[in-house]
There are 2 protein chains.
Amino acid sequence: MRSIADLARIAGVSVSTVSRALTGKGTLNEKTRERVRALADEYGFRLNVSAQNLRLGRTGAIGVLLPLGHERGQHLSDPFFSAMLGHLADELAERGYDLLMSRVLPDRANWLDDFVRSGRTDGVIVIGQSNQGAVLEAVGKTYRNMVVWGASGADLPYLTVGTDNVAGGALAARHLLERGRRRLAFFGNIDAPEFVARERGFLEALPEELRASTEIVPIHLTPESSFAAASEYFAAGNRPDGVFAASDIIGMSIVAAAAEHGIAVPEAMSVVGFDDILLARIATPPLTTVRQDIAEGARRLVDLVLQRIAGEDVSSALLDPVLIERGSS
Amino acid sequence: MRSIADLARIAGVSVSTVSRALTGKGTLNEKTRERVRALADEYGFRLNVSAQNLRLGRTGAIGVLLPLGHERGQHLSDPFFSAMLGHLADELAERGYDLLMSRVLPDRANWLDDFVRSGRTDGVIVIGQSNQGAVLEAVGKTYRNMVVWGASGADLPYLTVGTDNVAGGALAARHLLERGRRRLAFFGNIDAPEFVARERGFLEALPEELRASTEIVPIHLTPESSFAAASEYFAAGNRPDGVFAASDIIGMSIVAAAAEHGIAVPEAMSVVGFDDILLARIATPPLTTVRQDIAEGARRLVDLVLQRIAGEDVSSALLDPVLIERGSS
DNA sequence: GCGCCATCAGCAATCGTTTGCAAGTCAAAT
DNA sequence: ATTTGACTTGCAAACGATTGCTGATGGCGC
């Protein structure tokens, strides 16, 4: 009982009839349809997806790519990514698509091109621009079914979905100012466009004199390296009273490093993160942060890529961030 | 330039020749092979994976299933899962397999059977038994290419890979005893076999009189709910001086809840977690925990499922846990 | 009783590969 | 000159589904 032909033999009908019965396409006598379906159930028969896809010229799967531009092997450690992944899985499943996941170490310049041209998926969702802007642009010019989570650009040749990072940075800035903080610092990765936009929004929202005095501390995205960087920063005697971290993980690392240097949070220093991962709530102290609506983001990503596949034309989406005040500021 | 036939025409050879040139299988004049390959590169031609898979009777993909037995929609929030996922992705990619990810809400009893029989993947890795023991057993009896991350059972009809949870629990117990702790408590989910085993190992390693006095606090796996449970527990006036948490996330929640109730960690209470997720290191205080070797686990999972697919016979694997001492105890 | 039309189901081509078999070529051995 | 064998390559049949076209069947009206 491997193929449609076997079932056809058992049912005493032709393969076309079985196909029509099972897919519901075409016209068929309701009685025959029922009979074939019952038989299929009885024998536990399922259509072969590969064959179906071959015939239909599609794959029924969407690729989700996580470029690990900066941190070899550890990007997924940020719960932001897994939350996004989870929502994408749900969203795609709901629409009948499989999710093909691939972590890529973009050491070869054509990692994306290779993936796209392998034809394993009908479309691609890239989570994060990382430092792969050039690659994305190159592929985006010729390949249409791609949507990227990250910063939207003036006229990027590919679709993006992302939080308004500039606005998010501004939220953080205004919050720290309201708290009376004046010795400010920004901790973040400076390769990735998302983070650059957060930094820009933060700086732009500050009065001019503070803008100049605000320190920018470059950081990598793994917990260890951001902890190390923060620790070093404090060890060098720096004592900001307000810190904006480009992600919650960075924010939590800063809090931990501050504790080691006897800096009380929030009394002596306010920390604001970005993302609002679930753990932000159970951090000690709970982390004030700029929330991204990941569920909505996932929904939009899937919407856009499927619409592109369907040939509709669509445009990039920008989501509004919200400031969540908690104990760390 | 869609198919092998087009390329064959351009190269002036037959389709079989192109196939042999590109796949490297069969015997072919080295010069022709080179020529065809060069042409393929020039035109950016790639074999169609669906067709290839159909012909070869495989899919080239392994399904990774995350059953969300207890906590609808939030299981992936535990960084343990994403770390595992990341390692699986790497391991599978290295061996030329795609990773088809699926989060399942096991509300229908036949979620696993359906997936397996859809034929979308050559094998299945299930991460965590959750409360789906019965379903796993049922499918394991007839479907061979399945490996489950979790607790190994006496004679389960399916392969498992997992940490020796009983030993892990014992490590935690001995550590707390060494620290002089005597008023003990265990926080953990009691549905999932992994957690039950941790609890059992913990209790068995205690002297009899403590075993009876140790409290078992049932908990769910999301950060919020474990925080709430811990908070409630402390609010009721309970003041253990040593706590073993069934996961790092639970451990961190306990620390956070303790802080709210003015319980100093580690001075007044030691907390030991389980997993050693990356964040354990940057928690405040850094979390003492029982480390699971996730990378090794992923490697074994992939090994086993591929060996099963190849028809070899193999047996379940048990990994050794290690206690990592940090600031919380 | 005949023709017409609607409905239903089968035939066979097709999607893009792989691969057993056989045919062709060419050089060496007889 | 013929046989032998090694090497290369092509032919065509799969893999398991979908679907346009066509033919069969039966009901109905005249």
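The sequence lines fix the lettering, A, B, ..., with proteins before strands; numbering per chain opens at 1.
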Using atom CG of A:Leu56 as one end and atom P of C:dA13 as the other, report the distance to the nearest whole Å. 20 Å
Quick one: does B:Asp122's side chain have a donor or acceptor within less than 3.5 Å of a partner on B:Gly60's backbone? yes
If the threshold is 4.0 Å, N to carboxylate O, is there a salt bridge linking B:Glu34 and B:Lys31? no
Nearest-Å distance, CG (B:Leu22) to P (C:dG16)? 15 Å
Return the value, rounded to whole Å, for the distance between atom CG of B:Leu54 and atom C1' of C:dC15. 9 Å
Does D:dG16 have its OP1 or OP2 closer than 4.0 Å to a side-chain nitrogen or oxygen of A:Gln52? no
I'd like to know if A:Arg308 pairs up with A:Asp313 as an ion pair, taking the criterion as any Lys NZ or Arg NE/NH1/NH2 lying under 4.0 Å from an Asp or Glu carboxylate oxygen. no
Rounded to the nearest Å, what distance is computed from the CD1 atom of residue A:Ile4 to the P atom of nucleotide C:dA12? 17 Å
Indicate, with a heavy-atom threshold strictly under 4.0 Å, whether B:Thr23 touches base, sugar-phosphate, or nothing. sugar-phosphate
Which of C:dT18, C:dC15, C:dG16 is nearest the side chain of B:Asn48? It is C:dG16
Sidechain-backbone polar pair: B:Asp98 side chain, B:Ala61 backbone, donor-acceptor under 3.5 Å: no
Should A:Asp303 and A:Arg300 count as an ion pair when the cut-off is N to O under 4.0 Å? no
Atom pair distance, as rounded to whole Å: CG in A:Asp6 and P in D:dA17: 9 Å
Under 4.0 Å between any heavy atoms, over every strand shown, what does B:Leu47 touch: base, sugar-phosphate, or nothing? Just pick one. sugar-phosphate
Determine, for nucleotides 5-10 of chain D in 5'-to-3' order, which nucleotides have protein heavy atoms under 4.0 Å from the base (write B), from only the sugar-phosphate (write S), or from neither (write -). ---BBB
Can a donor-acceptor pair be found between the side chains of B:Trp111 and B:Gln132 at a distance below 3.5 Å? yes
Starting at CG of B:Asn53 and ending at P of C:dC15, how long is that distance when rounded to a whole Å? 19 Å
OP1 or OP2 of D:dT19 sitting under 4.0 Å from any side-chain N/O of A:Lys25? yes
Looking across every strand, which nucleic acid part, if any, lies under 4.0 Å from B:Ser3 by heavy atom: base, sugar-phosphate, or nothing? sugar-phosphate
Would you say the base of C:dT17 and the side-chain of B:Arg55 have a donor-acceptor pair closer than 3.5 Å? no
How many Å lie between CZ on A:Arg58 and P on D:dA17, as a whole number? 13 Å
Neighbour count >12 (heavy atoms, 6.0 Å) for atom CZ, A:Arg2: no
